[in-house]
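For this chain, numbers begin at 1 and follow the sequence in order. All values derive from a computational prediction rather than experimental measurement.
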Amino acid sequence: MNQGAAKKKRFAIVFLHLVLMAIISGCVVWTAKENLSTEAIPDFQDASSYARMTYHLFHHGVISESFTEPPRPGNRREPGFSSYLALMMHFSPELQTIELADFTQDRGATLLRRLQIPLLPVAAVCAWLLAYLLTGRLTYSYIAMLLVGFSQASILTMNSLFRELFMGVILLIVAIMLVLALRTRKPALFALLGLALGGLVLTNAIYQYLIVILVGGWVVLFRRQTVENKRLLMCLVLLLVGYAVPTGAWMIRNERLFGRFYITDRAGDVMAIRAEYNNMTADEFCGAFLWWTPDPLVQKKAMQVMQEQGRWVKLHRSNPEGYYAVAKALTNFIEPDETFENASHRDKTIQKRAVRQLLHHPFRHLAATLPFAWRGMFFEHGYLVSAPFVIMIRSIIVVSLLYFASLFFWLVRSLRTRQWEVFGVVLLCVYLFGLNSFFSHNIPRYNQPALPLLAVLFSMSLELILRRRRLTKVHSDTPKRDRPKRR
């Protein structure tokens with residue numbers, strides 16, 4: 001085959017895959033539109049805060065959760081998700097005409113949800129790319145794409161107007177940049193990695209300490225003489241500059257307006273809830289595993305124990321005397337007559353007192369991490385296709401356990417085999433899941449941004465298992481005299 005014919009063949013193959021990916025992306029969009037909710041957003045939910053932030057950012061250029069106009073600047077939530085929605089509002093003239101009072105009602109809420117639909121095919125394509133970078137196999141790249149594109153959890157998050165779907169896309173971009181940066185060692189890719197990581201932090205501040213781990217890991221590679229001195233320095237500088245540009249600008253803004261050089265509030269409230277749950281008894285500790293298992297039969301049994309025996313009742317979020325309600329009231333963290341200069345100083349005080357309470361019983365806190373880790377695993381509900389016929393596969397426990405089994409398998413394997421690109425992807429998941437389990441009450445959606453990465457790791461597990469089966473079959477079919485001798 002001459003060079004021209006080979007080039008035409010490659011072009012035809014690339015075009016075929018682009019068409020296939022376009023068809024899958026179209027089906028993903030169709031499924032999202034078919035399952036788009038038209039209900040209003042309750043004012044007390046996180047989603048209503050993101051909606052108001054989007055409105056004020058688009059119409060006033062101010063990050064604020066204010067219920068009134070003109071808005072006062074706020075810093076209680078990260079600006080990433082609302083910035084995306086405000087940007088997408090430029091493509092929705094109908095949404096631009098809706099007033100603040102009606103922004104979370106049926107029509108406004110539906111249009112807001114519609115702005116998230118492009119995130120689903122983008123996540124699916126990014127999952128395909130990441131899986132192909134890590135496996136080099138097209139089949140398993142498409143498996144990852146299908147798992148991410150038709151995820152029921154993503155559709156539920158889209159309808160809830162939570163940030164986790166957008167954050168999952170940013171996390172995928174960070175993972176792709178991380179793999180490419182480690183593979184090519186090009187300084188420009190480290191700058192892009194820093195920018196992507198900065199965007200991730202401005203979507204969820206829990207990732208603000210990841211930069212320390214990445215810099216430390218890069219220094220370790222240098223000490224092992226795998227990176228040239230000048231290249232290492234250039235990569236580190238560009239990584240830090242890329243990270244500091246978006247995050248530094250936001251932190252300077254908060255310093256000027258609120259007197260604190262930081263990302264966001266709410267860490268104190270979350271840690272206060274976690275500290276209160278550490279008061280669980282041994283019986284409640286065991287019951288938490290059942291109560292937080294998302295299986296109808298298990299839930300029915302746990303509810304029966306609560307109603308008939310009066311046990312585990314403090315685990316119920318709606319119980320006014322339960323751990324969650326008591327912590328939300330902040331009775332253990334704020335004095336009745338205590339006042340603060342602003343909400344930021346209030347959050348800082350709550351956070352300090354919660355940390356002291358956690359450190360007062362460190363072993364109890366470590367033990368309580370186990371049921372919270374169990375709780376946070378079950379965020380994937382199954383898979384849904386609605387284009388043009390309906391296919392539904394629903395099994396929360398099975399899918400979640402398979403995903404996390406793949407995560408912990410690749411954590412061990414990547415360390416043993418020194419596959420640093422894979423370990424980088426695993427680290428992004430373990431970091432999120434670990435910190436949520438250790439410092440928060442770890443409701444499942446907190447870990448949902450890791451779902452696309454877990455789907456990629458699961459597809460990699462399938463590739464490894466099937467490859468080994470083929471090799472075993474070939475080995476067993478080979479005559480004994482033709483097998484290579486062991487040395």
Going through the checks in order, is the side-chain contact (heavy atoms from CB on, under 4.5 Å) test met by Leu85 and Gln116?
CA-CA 8 Å; Leu85 293 176; Gln116 298 178 89; 4.2 Å; yes
Are [X] and [Y] packed together at the side-chain level, in the sense that at least one heavy-atom pair is separated by less than 4.5 angstrom?
X      : Y      : answer
Arg183 : Leu133 : yes
Lys348 : Tyr262 : no
His441 : Arg375 : yes
Leu358 : Asn278 : yes

Counting only N and O atoms by type, is there a donor-acceptor contact under 3.5 Å from the side chain of [X] to the main-chain atoms of [Y]?
X      : Y      : answer
Ser400 : Ile397 : no
Tyr446 : Ser437 : no
Gln299 : Thr293 : yes
Ser141 : Tyr132 : yes
Asn254 : Ile263 : yes
Asn442 : Phe372 : yes
Trp30  : Ser25  : no
Arg113 : Leu36  : no

Does a donor on one side chain sit under 3.5 Å from an acceptor on the other, for [X] and [Y]?
X      : Y      : result
Gln208 : Thr247 : no
Tyr323 : His316 : no
Ser461 : Ser406 : yes
Thr157 : Gln448 : yes
Asn35  : Asn159 : no
Arg274 : Thr369 : yes
Ser414 : Trp420 : no

Closest heavy-atom pair and its distance - [X], [Y]:
X      : Y      : answer
Ile173 : Cys126 : CG1-SG, 4.5 Å
Trp128 : Leu138 : CZ2-CD2, 3.4 Å
Ala51  : Leu112 : CB-CD1, 3.7 Å
Ile170 : Ala196 : CG2-O, 3.9 Å

Check the pair Val399 / Ile393 against side-chain contact (heavy atoms from CB on, under 4.5 Å), numbers first and verdict last.
CA-CA 10 Å; Val399 173; Ile393 302 173; 6.0 Å; no
Name the orientation class of the two ring planes belonging to [X] and [Y] (parallel below 30°, tilted from 30 to 60°, perpendicular beyond 60°).
X      : Y      : answer
Tyr431 : Tyr207 : parallel
Trp292 : Tyr277 : perpendicular
Phe408 : Phe433 : perpendicular
Phe81  : Phe166 : tilted

Check the surroundings of atom CZ in Phe289: do more than 12 heavy atoms from other residues, nucleotides or ligands lie under 6.0 Å from it?
yes
Between the side chains of [Y] and [X], is the shortest nitrogen-to-carboxylate-oxygen separation below 4.0 Å, so that they form an ion pair?
X      : Y      : answer
Lys314 : Glu284 : no
Glu276 : Lys328 : no
Asp46  : Arg77  : yes

Honestly, is Arg413 close enough over Phe409, meaning NZ or CZ under 6.0 Å from the six-membered ring centre and within 45° of the axis?
no
Cation-pi between Arg163 and Tyr50: NZ/CZ under 6.0 Å from ring centre and within 45° of the ring axis?
no
His17 and Tyr142: aromatic ring centres closer than 6.0 Å?
yes
To the closest 0.5 Å, what do you measure between [atom1] ([X]) and [atom2] ([Y])?
X      : Y      : atom1 : atom2 : answer
Leu182 : Phe423 : CG    : CZ    : 11.0 Å
Leu453 : Ile176 : CG    : CD1   : 9.0 Å
Ser37  : Leu161 : OG    : CG    : 10.5 Å

Partner of Glu380 under side chain to side chain donor-acceptor pair (under 3.5 Å), picked from Ser151, Ser154, Ser395, is Ser151
